[in-house]
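Every chain is numbered from 1, with letters handed out A, B, ... down the list of sequences.
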Amino acid sequence: MTSYHFNVSPILLVDLSLLTMLLLVAVAMLRSRHLFAVVMLSGIYSLLSAAFFVSLDAVDVAFTEAAVGAGVSTVLMLAGMLLTARREKPLEPRRVPIARLAVFATGAALIYATIDMPAFGDPNAPANSYVGQAYVEETPGDIAVPNIVTAVLASYRGFDTLGETLVIFTAGLAVILLLGVGSARGGREVSDIDEEET
Amino acid sequence: MFAAATAAIIIAMTLALVRAFAGPSLYDRVLAGNSFGTKTVLLIGLMGFLTGRPDFLDIALLYALINFAATIAILRFFSYRTPKGTPAEPRSAQSGGGEA
């Protein structure tokens, strides 16, 4: 009983502090009106969630989150911000309750849905029992790839991944066309401190 | 030992967060984001050692690469302008290139 506090694993404490920081960053993003600060904070949010994914052993998801969330989408949002405004418009007060209602209803529905979820690492969960079990058993014999996720993505579902790559390539082309080719090497003059403030 | 180092890294992450929240100028926030990325790399490396699987060190290295490239990409957008009211710093020759 005396050693109870020492049984808390350090990884749990790391997870707790990562989630706390995620919450703080999310609140700060909501409250800030400087769009540049919001973009930087969303990059930090992606880095934090990538670290959290690593602690959940989802290394591939963490890779994607760090590359797309912290890298590509930060740059894309900056490019978009330079084309529009640097500060968010103040909200119309009469539209606030509807938006707040929608957000809270969605959040409550999502939290309600987590009640049905199987426990973390449950061997009888649908994700682990049928197809997942087969992948775990067959992969070492079928494909000489030690990482099962890689084997599933690149071999078992190879055509699916090819289609996804095509979709992402098309989306990237569309974004480049929208933002303009020159925007990437612009070096435009920008500051998140407004003239009237100073 | 690793736990103490992890705690120190998390405190450093919190400090970087404070700078990202408060930082009045654009440059403060870019720097906070960059140093937060570095702290994430260190944290992932340490978490590998905490769980007894240092294989994650490779991942931490890749994160360092991504973080570096992202910071360069962000900075490419700006020729940094000092806000009014603060003493103007001398500009280097490169920073004036994109001005209209």
Side-chain angles (χ1 to χ4, degrees), chain A residues 9-11 13-18 20-21 24-25 27-29 31-32 34 36-44 46-48 50-51 53-55 57 59-60 62-63 66-72 74-75 78-79 81-82 86 183-195 197-198, chain B residues 2-3 6-7 9-11 13-14 16-17 20-21 23-30 32-34 36-37 39-41 43-44 46-48 50-51 53 55-56 58-60 62-63 66-67 69-71 73-86 94-100:
Chain A
S9 79
I11 284 295
L13 292 179
V14 170
D15 286 353
L16 279 180
S17 42
L18 283 179
T20 313
M21 280 192 265
L24 289 178
V25 172
V27 171
M29 276 163 76
R31 297 185 65 85
S32 178
H34 290 285
F36 181 80
V38 173
V39 171
M40 289 315 293
L41 285 176
S42 79
I44 288 179
S46 293
L47 284 170
L48 270 174
F53 287 144
V54 168
S55 127
D57 263 3
V59 175
D60 50 329
F63 264 148
V68 174
V72 177
T74 306
V75 172
L78 279 181
M81 188 190 79
L82 293 187
R86 298 198 294 272
S183 67
R185 39 186 143 87
R188 279 176 237 188
E189 195 153 324
V190 72
S191 149
D192 65 345
I193 292 179
D194 278 7
E195 311 292 322
E197 271 184 15
T198 50
Chain B
F2 288 126
T6 312
I9 293 287
I10 284 179
I11 291 169
M13 283 170 106
T14 318
L17 264 192
F21 291 162
S25 83
L26 180 153
Y27 184 68
D28 287 327
R29 293 202 164 102
V30 173
N34 185 26
F36 199 88
K39 301 296 182 301
T40 313
V41 171
L43 183 74
I44 288 169
L46 276 171
M47 276 196 316
L50 265 181
T51 48
R53 287 176 301 170
D55 323 342
F56 284 173
D58 299 349
I59 300 156
L62 193 80
Y63 271 49
I66 291 174
N67 185 33
T71 307
I74 289 166
L75 288 176
R76 286 284 290 163
F77 278 105
F78 306 113
S79 62
Y80 178 62
R81 183 176 61 177
T82 51
K84 278 179 189 171
T86 58
Q94 288 92 350
S95 73
E99 281 173 352

Measure A:Thr74 against the heavy atoms of chain B and call it side chain, backbone, both or neither at under 4.5 Å.
side chain
Quick check on B:Phe36 against chain A: is it the side chain, the backbone, both or neither that has a heavy atom closer than 4.5 Å?
both
For A:Val14 and A:Ser17, which heavy atoms make the closest approach, and how far apart are they?
O-OG, 3.0 Å
Heavy-atom closest pair (B:Thr40 atom, A:Ala51 atom, distance to 0.1 Å) is CG2-CB, 3.8 Å
Among B:Thr14, B:Val41, B:Asn67, B:Ile66, which has the most heavy-atom pairs under 4.5 Å with chain A?
B:Ile66
List the steps, then state whether side-chain contact (heavy atoms from CB on, under 4.5 Å) holds for B:Leu26 with A:Met40.
CA-CA 9 Å; B:Leu26 180 153; A:Met40 289 315 293; over 6 Å; no
Residue from B:Thr51, B:Ile44, B:Thr71, B:Thr6 scoring the most non-hydrogen pairs under 4.5 Å with chain A is B:Ile44
Most heavy-atom pairs under 4.5 angstrom with chain B, which of A:Asp57, A:Val39, A:Leu18?
A:Asp57
May I ask you to name which of B:Ile9, B:Leu62, B:Leu46 has the most heavy-atom pairs under 4.5 Å with chain A?
B:Leu62
Hey, are the side chains of A:Phe63 and B:Tyr63 touching, using non-hydrogen atoms and a 4.5 Å cut-off?
yes
Validation row: B:Lys39, A:Leu47 side chains within 4.5 angstrom (heavy atoms):
no
Heavy-atom distances under 4.5 Å only: say whether A:Val25 touches chain B with side chain, backbone, both or neither.
both
So, the part of A:Leu41 with a heavy atom under 4.5 Å from chain B: the answer is side chain
If I compare all heavy atoms of A:Ala50 with all of A:Ala62, which pair ends up nearest, and what's the gap?
O-CB, 3.4 Å
